[in-house]
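Just so it is clear, the values below take in all heavy atoms, side chains as well, and ignore hydrogens, waters and symmetry mates. Naming convention: chains lettered A, B, ... in sequence-line order (proteins, then strands); numbering from 1 in each chain.
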There are 2 protein chains.
Amino acid sequence: MSEADHNTEHEILEAAKKVFIRKGLDGARMQEIADEAGINKALLHYYFRTKEKLFESIFTQVLQGFAPCIVAIMTSDLPLFTKIESFADTYIDLLLENPYVPNFLVNENNRNPERFVNMLKGQGVNPNILRDQIKREVEAGIICDITVENLMVNLVSLCVFPFAARNIFCSMFGQNEEEYNMFIRNRKKEIPKLIIGSLQPRPNKPHDSVA
Amino acid sequence: MSEADHNTEHEILEAAKKVFIRKGLDGARMQEIADEAGINKALLHYYFRTKEKLFESIFTQVLQGFAPCIVAIMTSDLPLFTKIESFADTYIDLLLENPYVPNFLVNENNRNPERFVNMLKGQGVNPNILRDQIKREVEAGIICDITVENLMVNLVSLCVFPFAARNIFCSMFGQNEEEYNMFIRNRKKEIPKLIIGSLQPRPNKPHDSVA
DNA sequence: GTCTATACTCTGATAGAC
DNA sequence: GTCTATCAGAGTATAGAC
């Protein structure tokens, strides 16, 4: 990739990423991508034959940028609480650098679901490892019981949705860009606090208070 | 509206809603809307002049369908815990009936943010009332402290994102449509449990255990 | 590999008959 | 109000020179 940094194909991919992420597959214009890359429209077709194929490349590339975080929490063998804290921290940083990606992925994926399924499997996303970990930690009395589905959906929703609905929340709260980013950075602590709090076995259970 | 139910304008709006929600502004075709409505393309322009104007009508209509839930939690004078339970219950039902709306609203809004801001204000969405309620309940010792922003973002994210990312989660967990809907219905209880749990003042505070 | 020029299709919008 | 026919523009894709 070191020598490819300045070649045309790389320029095109960078330009296409910007345009597709902002406008989507339907909204993007090949002319706009060409302008952004500082080249001619015909050259896009020379490298990627069709708009569709160019889009596929971008979609895959963007998706792969976000997969490692998900894979890590699904597969690593750190304690669950550590994983949750680490995920929120890493994922929100990644999102702050790519604030328009959630919308892009979610929207284009729903428009064409087939594209997604295989890609996820290929990345090694498998909930069973995390499911086993939860089971072990429940049995060890470290956490309350929860399904892997609810845990993952809660965690990802709390991290990602504030980006997807950024403008909606901004206008709802009368915040500007900067204030909202600060709000989100604070959530790197708030989200694990919320989730871990709900998983911690309460010391004041009925049978404890009688004992 | 009773007599308008069967007139052409209503047919067009219903058809346009379906198509725009599935395909977005850019992806939708006037021809497809006409087909869906069982009329001619020219008639669309007779009633709504441009695609853009037709889209505006749909966007406003759809948004207004979702506003009341938000307004209710922002303004009603029920106890906070009751509001949270009621919101999750009502909102998720609404979403189950309109599963593609979150994507539509979030995506088209981010494409054209100005459209949104005035609309929200017009609906009477004002976080200050809820902010005051939180303050009162904190002072009364009913709940832990939380910002209105974090509370609303948590609540809405947990309810809405599972719809926006439906396909992603489905394929991640290997669930089919029906299983996933059941999962979401269960969350009508899970979400309030999570949020209310985090707001409940812990009886086992440091100074309590010493007392 | 890169460009200019152009072919061709799709689609939003209009004209005009009924 | 509703239709058929058609225009005008935009946009993807290709041909062909350099």
* Starting at the 5' end of DNA chain D and moving along, which residue's nearest nucleotide shows up first, A:N40 or B:L43? -> B:L43
* **By ring-ring contact (aromatic ring centres under 6.0 Å, His included) - contacts of A:F20 (at least two apart)** => A:F55
* Asked: Mind checking which nucleotides bracket the chain B contacts on DNA chain D, 5' to 3', with an atom under 4.0 Å from a heavy atom?
  -> D:dG1 to D:dT4
* Apply side chain to side chain donor-acceptor pair (under 3.5 Å) to A:E190 and list each qualifying residue two or more places apart in sequence or on a separate chain. => none
* DNA chain C-proximal residues of residues 14-22 of chain B, any heavy atom under 4.0 Å -> none
* Structure fact -> The side chain to side chain donor-acceptor pair (under 3.5 Å) partners of A:D89 (sequence neighbours excluded) come to A:K188
* Residue pairs involving residues 28-37 of chain B (criterion side-chain hydrogen bond (donor to acceptor under 3.5 Å, both in side chains); sequence neighbours excluded) -> B:K18-B:E36, B:K23-B:E32, B:Q31-B:D35
* Can you name the side chain to side chain donor-acceptor pair (under 3.5 Å) partners of B:Q175, sequence neighbours left out? -> none
Return a table of donor-acceptor pairs under 3.5 angstrom between the side chains of residues 151-170 of chain A and protein atoms on other chains or two or more places apart.
from, atom 1, to, atom 2, distance (Å)
A:N154, OD1, B:R187, NH1, 2.8
A:N154, OD1, B:R187, NH2, 2.9
A:N154, ND2, A:N150, O, 3.1
A:S157, OG, A:V153, O, 2.6
A:R166, NH1, A:N181, OD1, 3.4
A:R166, NH2, A:N181, OD1, 2.8
A:N167, ND2, B:N110, OD1, 3.1

* Which residues satisfy the side chain to side chain donor-acceptor pair (under 3.5 Å) test with A:K17, sequence neighbours excluded? -> none
* Asked: If you look only at pairs with a residue in residues 41-64 of chain B, which of them pass as a side-chain hydrogen bond (donor to acceptor under 3.5 Å, both in side chains), with sequence neighbours excluded?
  -> B:E56-B:R115
* Asked: Which parts of nucleotides 8-13 of chain C does protein reach within less than 4.0 Å, heavy atoms only, written one letter per nucleotide 5' to 3' as B for base, S for sugar-phosphate only and - for none?
  -> ---SBB
* To do: Go through the structure and list residues passing ring-ring contact (aromatic ring centres under 6.0 Å, His included) with A:F48, not counting sequence neighbours.
  => none
* Have a look at A:Y46 and say if it touches a base, only the backbone sugar-phosphate, or nothing, with a 4.0 Å heavy-atom cut-off. => base
* **Exceeds 12 heavy-atom contacts within 6.0 angstrom, atom CG of B:N176** => yes
